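What follows is a single structure, written as structure tokens, with notes after it.
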Amino acid sequence: MFDTDKLLSGNIRALSKAITLTESSKSEHQKQAEDLIESILPHTGNSKRIGISGTPGVGKSSFIEKLGIQLINKGHKVAVLAIDPSSPISGGSILGDKTRMEKLSQNPNAYIRPTPASGNLGGVAQKSREAMLLCEAAGFDIILIETVGVGQSEVEVSNLVDIFTVMLLPGGGDELQGIKKGIIEIADCILINKADNENIQRAETTMREYQSALHIVSKKDAPINIQTTSSETMRGLDDYIKYINDKFTKDPQAIQQKRISQSKKWLNSLFFELINRKISENKDLDLLRNKKVQEIVENKTTPIKSAKVLIQELFSGK
Ligand SMILES: Nc1nc2c(ncn2[C@@H]2O[C@H](COP(=O)(O)OP(=O)(O)OP(=O)(O)O)[C@@H](O)[C@H]2O)c(=O)[nH]1
Ligand SMILES: [Mg+2]
């Protein structure tokens, strides 16, 4: 039996064991993990959930290292979950991440964990969601999720966090690439990173370009926070922390609303995924579907009538 009390008391080994359980592909472990997560739910939801996304090398881990230490110095407990959608078992960048986050990884009030990108159900972010809830139950009140920006996974991670931050480099002529890629649809905050040394001017120009472009195209209720940052000089770090705190203190209702709509999305996507799985596992349905295709081809029936027959078959309880 898993020792839930240990997890709730903040024991790191228990936390690691719990996350490992959620990652197991064995069905008995899956069942145990589902029960465990349900049982700890009353102890979740009390953290600030922050996503930091951006292309490889933009400086996410270095920034998280500095941010994490700063937050710990202010009395927080910080969990870092790193998703690498490019490697199915993850771990790919963990070595790099641990060295990029050297101080943080040695701090007793920090916990760093890579999460596998390919879950059984729920896509890239499902495992991170479970890990996040477990970290919250273990008493971490700041969850930082690092993810490499690759289309769909970014959208999934944005559905997991309260503040989705996109990190960009000072531009080199193609400043508004982020807008073209549609990140403003999901970003709450844009950081123009590595704004140090000879890059300062360029970073500020990029920031202004985004500010004026977003002013025109943004349809969001809350304005997107845009600023320059540097992990080398600590530029912008305090502003970013203030921005996060303000979001939670000035408009807690908005965070609550966001979480409610995220829960709806999670339920819906898992529901449809399970339905699809049920469909693909149903051999009789498959045979019937092939038969219906044939009948449609032979003008014996219509697609709509066939679809209704298939639905009837699916819900006949067989
Ligand atoms: N000049 C400067 N260099 C930085 C800054 N932050 C990070 N770097 C450098 O940029 C490189 C990549 O930094 P990481 O923090 O590993 O970037 P990342 O976005 O986590 O990279 P991946 O995890 O591979 O996607 C390293 O060589 C860092 O030393 C910064 O603020 N200024
Ligand atoms: Mg990294």
Side-chain angles (χ1 to χ4, degrees), residues 50-71 78-107 110-118 124-125 127-128 131-132 142-158 160-161 163-172 177-178 181 183 186-187 189-207 210 225-241 243:
I50 316 293
I52 298 184
S53 163
T55 48
V58 69
K60 301 176 293 295
S61 301
S62 310
F63 184 73
I64 288 172
E65 155 98 344
K66 296 282 162 62
L67 177 67
I69 294 291
Q70 198 96 323
L71 290 167
V78 176
V80 180
L81 305 173
I83 310 176
D84 182 359
S86 58
S87 71
I89 335 153
S90 190
S93 58
I94 176 76
L95 245 175
D97 280 341
K98 283 252 154 120
T99 47
R100 287 283 134 68
M101 302 186 216
E102 207 178 343
K103 275 196 188 151
L104 200 58
S105 62
Q106 289 166 14
N107 193 299
Y111 177 69
I112 301 177
R113 171 99 184 191
T115 57
S118 72
V124 168
K127 292 294 145 207
S128 311
M132 178 176 82
I142 304 272
I143 314 285
L144 302 174
I145 302 185
E146 172 178 343
T147 180
V148 173
V150 187
Q152 186 55 28
S153 74
E154 259 184 325
V155 176
E156 286 178 26
V157 174
S158 75
L160 201 72
V161 295
I163 296 177
F164 188 69
T165 306
V166 174
M167 192 172 258
L168 301 169
L169 289 175
Q177 21 151 340
K181 286 192 206 141
I183 54 159
I186 53 173
C189 175
I190 292 176
L191 304 180
I192 314 293
N193 197 38
K194 301 196 186 180
D196 43 51
N197 306 314
E198 70 279 2
N199 269 331
I200 295 181
Q201 285 305 321
R202 219 141 49 99
E204 283 182 345
T205 308
T206 306
M207 180 183 75
Y210 270 94
N225 181 60
I226 309 173
Q227 56 168 108
T228 57
T229 47
S230 163
S231 306
E232 275 191 6
T233 63
M234 309 286 272
R235 181 193 180 97
L237 216 71
D238 287 341
D239 291 338
Y240 183 65
I241 293 175
Y243 158 73

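For ligands, and for the atoms within them, numbers begin at 1 and follow the listed sequence. These numbers come from a predicted model, not from an experiment.
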Exercise. Ile50 versus Ile145: any side-chain heavy-atom pair under 4.5 Å?
Worked result: no
For this session: State whether a side-chain donor-acceptor pair under 3.5 Å links Thr228 with Glu204.
Result: no
Exercise. Judging by distance only, is a nitrogen or oxygen of Thr229 under 3.5 angstrom from one on ligand 1?
Worked result: no
Exercise. If you measure only the distance, is there a donor-acceptor pair under 3.5 Å linking the side chains of Thr233 and Asp196?
Worked result: no
Seminar exercise, completed: Quick note on ligand 1: atoms under 4.0 Å from a heavy atom of Pro56 include exactly 25 (O)
Exercise. Taking side chain as C-beta onward, heavy atoms only, is Glu102 less than 4.5 Å from Gln106?
Worked result: yes
Exercise. Can you check whether Lys194's main-chain N or O pairs, donor with acceptor, with Glu232's side chain at less than 3.5 Å?
Worked result: no
Problem set entry | Residue Glu146 vicinity, atoms of ligand 1 by number, heavy atom under 4.0 Å | 20 (O), 23 (O)
Exercise. What atoms in ligand 1 come closer than 4.0 Å to a heavy atom of Val58?
Worked result: 19 (O)
Problem set entry | Short N/O/S contact of Ser62 with the Mg ion (ligand 2) (below 2.8 Å) | no
Problem set entry | Geometric N/O contact Gly59 with ligand 1, under 3.5 angstrom | yes
Exercise. Ignoring hydrogens and geometry, is there a side-chain-to-backbone donor-acceptor pair from Lys60 to Glu146 under 3.5 Å?
Worked result: no
Seminar exercise, completed: Nearest non-hydrogen contact to atom 2 (C) of ligand 1 from the set Asp196, Ile64, Leu169 belongs to Asp196
Exercise. Taking the Mg ion (ligand 2) as the vertex, what is the angle from OE2 of Glu146 to OG of Ser61, given to 10 degrees?
Worked result: 90°
Exercise. So do the side chains of Val80 and Tyr111 get within less than 4.5 Å of each other, counting heavy atoms only?
Worked result: no
Problem set entry | Contact (N/O only, under 3.5 Å) between Gly57 and ligand 1 | yes
